Asker: 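Take this structure, written in structure tokens, and hold onto it; I'll ask about it next.
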Amino acid sequence: YGAPGVELTGLHKETATVTQLHFLPGQGWLLSLLDDNTLHLWEVCQKEGCSHLEETRSFGLPGRPGSGSANCSPGITRVTVVLPMAAGAMVCLGTEGGAVYFVTLPTLTLLEDKTLFPDEILQSAPDDYRCGKALGPVESIQEHPCDGSRLLIGYSRGLVVLWEQSTRVVQHLFLGNQQLESLAWEQSGKSIVSSHSDGGYMVWAVSGTGQRTQQPVMSTIPYGTERGSGGLWGWELISPIPVLQPQRLRFRSIPLQSHQQNPLANLRVRVGRLCGGLSVSPHLCLSLQVLVMELSDEKSEHAVSVATVDLLQDREGFTWKGHDRLAPRNGPLHFPPGFQPSVLVQCVPPAAVTAVTLHSEWNLVAFGTSHGFGLFDYYRRNPVLARCTLHPNDSLAMEGPLSRVKSLKKSLRQSFRRIRKSRVSGKKRLNASSPSSKVQEANAQLAEQAGPPEVEMTPVQRRIEPRSADDSLSGVVRCLYFADTFLRDAAHHGPTMWAGTNSGSVFAYALEVPSQEKFSERAVEAVLGKEIQLMHRAPVVAIAVLDGRGNPLPEPYEVSRDLAKAPDMQGSHSMLISSEEQFKVFTLPKVSAKTKFKLTAHEGCRVRKVALVSLASAGSEERLENCLACLTNLGDIHIFTVPSLRPQVHYSCIRKEDISGIASCVFTKHGQGFYLISPSEFERFSLSARNVTEPLCRLE
């Protein structure tokens, strides 16, 4: 699971929502839980030379014995926790009513004599747990790391029980009184960790049989119960942050509330599986700091280095009036094997990180906010560059969240004014005697005539009004890009960094990066090489450099590991800048316009996502064509050749009303794409005739 090319698809007969998935290691089985409270067993089967998922059995919990169906609420037996046992012969089901059921695998047969009802637990609990409200739903079940017969069961009310299955004895009671979120064993089985709804976690010692523990050995709230949110323009976090389950297994939403009116009600943290080549990964951590992580096979205990980058650089006339940056926690932290934090970079002023990119060969990470962009050397732990992108008139950007709301209203008013102005000026131009009116009339007459099919009519371009330069959103950094290319002159190539902003500005920096042997001796230096301003000030969506053959520059890591062909450094390079309105190719290093395509003027739409993709022929994998794929605000996908920017085809892909789907869309470099169709489901599509979306793989 997780290897490239391994993809299996199964479809439930029911139309219910899938709420949980659990792998059964080494068995080729998968368990799914639906919101209709049914459990389904899937098996990997071979069919026509490929592996497929086939549903073999299903199971539903019956009502509790002795309770009439009229008096038994269906929610009592609603499954809240699914735990496949390590031995692979049984699965535990925790329920809303507090009962724990045991079901055999693969037959999915209920073992009624093993069922554990909360009444049996309450017999061993103190009196104050027996009266009042019940224990609550089962929130977590964890198997002892050394003894599979002992289960750790946690209830919503806060009580945690160590249960011995064979003797049906409560070996240990942990008398918590804070609402429970999750549980985890320490590897030796001598202690457990519980996390709670107040943002805290507790460490409990596990001792002998029949013990009751009222106090944990440690209790802490690492993020505090009232802290700055660190994420969304500085709204104060009133409700606490639920702690992620230890041994970094379930992730929860982080609700943000405010005394002030909050136009964005919730911030949701999406966590995905990290695959691929880098040993280092940049993360947008609660969106106002950048966390650089390194891949490690061993657990470690170390303090995370914290650095700040001041994007204003004491710029005259700008004083930050918003919230302070997050105060990092001091002291060493424990990290399991996997991605371990290396350095935490905090932006000053605190603002949402809008763009981030990393170059592992140069040990550099670049990031951007609404105030500017920075370049950080994570090997030497020091900033290389800080550039403010604010307009001199942009004082609203320094006043925090409420100013942003005012600014948004101002931007909308300006947009409507541009539209009205464009319409009025268009009507004035198109009078009966104007040349453009006569041209349009002639084109209309030609279009009505049945001419030969090879005749192509030149489309009428829409007039695009330039955007205001003093918009308070103009300083937002939209994209960042590293490239080894020609910037200073045509004879010498070297490391460069590019940044594009919301106001159509592009900044190019030449970087002096020491060799790997001298990383510790010399610091990286950055010198401004070029500064470009697009005419209509449309936001820059993406920047890419094409080599001497017109091919996109490959990933440096892949070239260093012989996973990709090295770029052509003999011929002249060119640069592709994609804005919301058009695509434009410039020569390097002179930065003179070479070719362009005005998407908004021709098609009446705006660019939302772009990517350079390599499309292989269905007949021969050796035949490749590099293209530019573009997703518009209408949900259409357009394909262009590079570097000539000739339109090839366009498809309807996402409904134009599906704003979240369009905003979440990403392309792969081989012409496939993904977008969210719900908060927890994605749709996959392909632009390639060779790399189709049909899952074709084989598991031995």
Side-chain angles (χ1 to χ4, degrees), residues 1-24 29-44 50-55 58 60 78-82 84 182 242 244-245 248-255 264-276 283-284 287 608-609 611 613 629 631-637 651-688 691-697 699:
Y1 165 68
V6 177
E7 181 178 350
L8 305 171
T9 301
L11 184 64
H12 290 87
K13 299 175 184 177
E14 299 79 1
T15 56
T17 300
V18 179
T19 58
Q20 293 189 37
L21 285 176
H22 297 272
F23 291 95
L24 304 178
W29 294 334
L30 179 70
L31 278 175
S32 63
L33 177 68
L34 305 187
D35 65 352
D36 64 2
N37 210 41
T38 58
L39 194 68
H40 301 257
L41 181 67
W42 299 81
E43 186 175 355
V44 179
C50 296
S51 296
H52 298 270
L53 276 178
E54 292 186 5
E55 183 180 348
S58 62
R78 187 180 71 85
V79 177
T80 56
V81 177
V82 178
S182 62
L244 305 184
Q245 177 174 340
R248 298 318 235 184
L249 298 180
R250 185 170 64 175
F251 300 90
R252 303 184 64 85
S253 300
I254 299 181
L264 298 178
N266 288 289
L267 169 68
R268 294 193 175 272
V269 177
R270 290 202 302 266
V271 181
R273 188 174 190 275
L274 300 173
C275 307
H283 283 253
L284 279 65
S287 72
R608 285 294 175 258
K609 297 293 178 72
V613 298
L631 175 69
T632 73
N633 62 322
L634 302 180
D636 297 333
I637 292 181
Y651 308 98
S652 297
C653 182
I654 309 175
R655 293 183 301 108
K656 63 181 180 181
E657 298 83 9
D658 188 1
I659 299 176
S660 62
I662 294 174
S664 63
C665 182
V666 293
F667 292 101
T668 73
K669 61 182 179 181
H670 295 299
Q672 299 188 42
F674 300 86
Y675 66 93
L676 291 175
I677 57 176
S678 80
S680 60
E681 298 171 286
F682 62 79
E683 186 79 33
R684 177 184 174 197
F685 62 89
S686 179
L687 306 172
S688 171
N691 296 313
V692 296
T693 56
E694 182 183 3
L696 300 175
C697 68
L699 300 182

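On a predicted model such as this, the values are computed, not experimentally measured, just so you know.
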Asker: Give me the atom names and distance for the closest heavy-atom approach of Gly661 to Ser664.
Answerer: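 That would be O-OG, 3.1 Å.
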Asker: Give a yes or no on whether Leu21 atom CG has more than 12 heavy-atom contacts from other residues, nucleotides or ligands under 6.0 Å away.
Answerer: yes
Asker: Any side-chain heavy atom of Leu8 within less than 4.5 Å of one from Val44?
Answerer: yes
Asker: Can you name the nearest heavy-atom pair linking Asn691 to Gln672, along with the distance?
Answerer: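 Minimum heavy-atom separation between Asn691 and Gln672: CB-NE2, 3.5 Å.
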Asker: Please, which pairs that meet salt bridge (charged side-chain N to carboxylate O under 4.0 Å, His left out) have at least one residue in residues 659-677, sequence neighbours excluded?
Answerer: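 Listed by first then second residue: Glu558-Lys669.
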Asker: Counting C-beta onward and ignoring hydrogens, is there a side-chain heavy-atom pair between Leu33 and Val18 closer than 4.5 Å?
Answerer: no
Asker: Heavy atoms only: give me the nearest Val81-Val79 pair and the separation to one decimal.
Answerer: O-CG1, 3.6 Å
Asker: Give, for atom OG1 of Thr693 and atom CD of Glu683, the distance between the pair rounded to the nearest 0.5 Å.
Answerer: 8.5 Å
Asker: Rounded to the nearest 0.5 Å, what separates atom CD1 in Ile662 from atom OG1 in Thr632?
Answerer: 6.5 Å
Asker: Which distance, rounded to the nearest 0.5 Å, do you find between the CG of Leu30 and the NE2 of His40?
Answerer: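 With rounding to 0.5 Å, CG (Leu30) is 11.5 Å from NE2 (His40).
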Asker: What pairs with Tyr651 under ring pair (Phe, Tyr, Trp, His ring centres under 6.0 Å), at least two apart in sequence or on another chain?
Answerer: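 Scan of Tyr651 (ring pair (Phe, Tyr, Trp, His ring centres under 6.0 Å), adjacent residues dropped) gives none.
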Asker: Can you tell me how far CZ of Arg684 sits from CD of Glu7, rounded to the nearest 0.5 angstrom?
Answerer: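 Glu7 atom CD to Arg684 atom CZ measures 4.0 Å (nearest 0.5 Å).
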Asker: What is the distance from atom CG of Leu31 to atom CG of Leu41, rounded to the nearest 0.5 Å?
Answerer: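 Spacing of CG (Leu31) from CG (Leu41) equals 5.5 Å.
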Asker: Just to verify, what does Ile637 make a side-chain contact (heavy atoms from CB on, under 4.5 Å) with, not counting sequence neighbours?
Answerer: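 Partners of Ile637 under the side-chain contact (heavy atoms from CB on, under 4.5 Å) test: Leu631, Ile639, Cys653, Phe667, Phe685, Leu687.
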Asker: Checking Ser32 now: which residues fulfil side-chain hydrogen bond (donor to acceptor under 3.5 Å, both in side chains) with it, not counting sequence neighbours?
Answerer: His12, Trp42
Asker: Supply the atom-to-atom distance Ile654 CD1 to Asn633 CG, rounded to the nearest 0.5 angstrom.
Answerer: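 The CG atom of Asn633 is 11.5 Å from CD1 of Ile654, to the nearest 0.5 Å.
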Asker: For residues Cys665 and Lys609, report the shortest heavy-atom separation together with the two atoms involved.
Answerer: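 Heavy-atom minimum between the residues: O-NZ, 3.0 Å.
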Asker: Go through the structure and list residues passing side-chain hydrogen bond (donor to acceptor under 3.5 Å, both in side chains) with Glu54, not counting sequence neighbours.
Answerer: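 Applying side-chain hydrogen bond (donor to acceptor under 3.5 Å, both in side chains) to Glu54 gives none.
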Asker: With sequence neighbours left out, write down each residue that passes side-chain hydrogen bond (donor to acceptor under 3.5 Å, both in side chains) with Ser660, or none if nothing qualifies.
Answerer: Asp658
Asker: Taking the side chain as every heavy atom from C-beta outward, state whether Ser58 and Thr38 have any pair of such atoms under 4.5 Å apart.
Answerer: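 They are not in contact (no side-chain heavy atoms under 4.5 Å apart), so the answer is no.
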